[in-house]
2 protein chains.
Amino acid sequence: MLKITKRVEYALIAIRHLQENQDVLVSVSDISAAYGIPKEILAKTLQKLASSNIVKSYKGPTGGYKATKKIAETTLNDFFEILEGPTAIMDCYFQDGCDHLNSCNIRTPINKINDSIRNLFNNLTLADIAQ
Amino acid sequence: MLKITKRVEYALIAIRHLQENQDVLVSVSDISAAYGIPKEILAKTLQKLASSNIVKSYKGPTGGYKATKKIAETTLNDFFEILEGPTAIMDCYFQDGCDHLNSCNIRTPINKINDSIRNLFNNLTLADIAQ
DNA sequence: ACTATATACGACAAATATAATCGTATATAA
DNA sequence: TTATATACGATTATATTTGTCGTATATAGT
Ligand code: FES
Ligand code: FES
């Protein structure tokens, strides 16, 4: 439990790679080959990051991705939520159909844990954890 | 991602229930019925907590579980690790066979996130989140 | 002593979530 | 015009989680 997904792992790897190669345009194939990451998954992951302007994409041959200035100042919480949705240790806070709604005695504890984790991730940027 | 398991959810519910009924012995069936939790899973979960002295078990008819003094002072990290093993957002830190070992560029970031989360959970007790 | 009911524990099956693949469309440099 | 890159939806495969089943052991009550 409390594991990140491969998607997030791949995104972290890609972002660090892009940061270390800011002068050139890096394609999905490049990163995929360098770290042994399935191409299509990495592609879709970078597409998500591109639509949030964390990276910038360039189509066509010689195309690829580039880090943007936004990367460094992006918080872990933003980063995770772009890729995986709301930060919460239980689904019931964002979906309907919570099993225990009428006899639930852990709403407060769960909320406190959620708040603590969100607070932690909101105060850590990608720059912070990189160095 | 970053979700707790049902086991942990059930354990939290059970513990809160035991804390609110410290005067009586509560059986698995009682809790199972009250919150709609599968009996066998809850049983095994409480067995784990019992072997760590978070709760005390009593066999035989009229038997059941009781909260111990240890509950309140137990940290979230201890609690989670009793039920689910080491706190880490990726498996590779506790298992061998990490895919990216030779070309890994996210060891430092992952470590920092792990440390932050462990630090957070080590400084939160079950008493803290209950109130 | 016997019975009913509780915890204890391991093996298995079902359900769910995640990871990976496939197919197609679009943009663009050469 | 062609080759190569991103973009995106649908589907399959895999892994994990969740739940069930079967059996053993302890003990209170009769
Ligand atoms: S209401 Fe969803 S956890 Fe209690
Ligand atoms: S070595 Fe396992 S994440 Fe890098």
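Computation of the quantities below employed the complete heavy-atom set of this structure, encompassing side-chain atoms and omitting hydrogens, waters and symmetry-equivalent molecules. This is a predicted model, so every value here is computed, not measured. We name chains A, B, ... by the order of the sequence lines, and we start the count at 1 in each one.
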So, using salt bridge (Lys or Arg N to Asp or Glu O under 4.0 Å) as the criterion, who are the partners of B:Glu84 when residues are at least two apart?
B:Arg7
Do any pairs count as a salt bridge (charged side-chain N to carboxylate O under 4.0 Å, His left out) and have a residue in residues 60-81 of chain B, sequence neighbours left out, and if so which ones?
none
Distance-only donor-acceptor check, side chains B:Thr108 and B:Asn111, under 3.5 Å:
no
List for me each residue that meets side-chain hydrogen bond (donor to acceptor under 3.5 Å, both in side chains) alongside B:Ser32, sequence neighbours excluded, and say none if there are none.
none
Quick one: which residue pairs count as a side chain to side chain donor-acceptor pair (under 3.5 Å) with a foot in residues 38-56 of chain A, not counting sequence neighbours?
A:Ser29-A:Lys39
Integer-rounded Å distance: C:dA19 C1' and A:Ile4 CD1
14 Å
Give each protein N/O atom lying under 3.5 Å from an N/O atom of nucleotides 14-17 of chain D, with the pair distance.
none

Letter per nucleotide, 5' to 3', of nucleotides 1-10 of chain C [B base touched, S only sugar-phosphate touched, - untouched; heavy atoms, 4.0 Å]
---BBBBBBB
It should be established whether A:Tyr10 places a side-chain nitrogen or oxygen under 4.0 Å from OP1 or OP2 of nucleotide C:dA20.
yes
Ring centres of A:Phe80 and A:Phe121 under 6.0 Å apart?
yes
Using only heavy-atom distances, determine whether the side chains of A:Ser116 and A:Asn119 contain a donor-acceptor pair under 3.5 Å.
no
A:Ile15-B:Ile89 co-clustered via ILVMFWY side chain contacts under 4.5 Å
yes
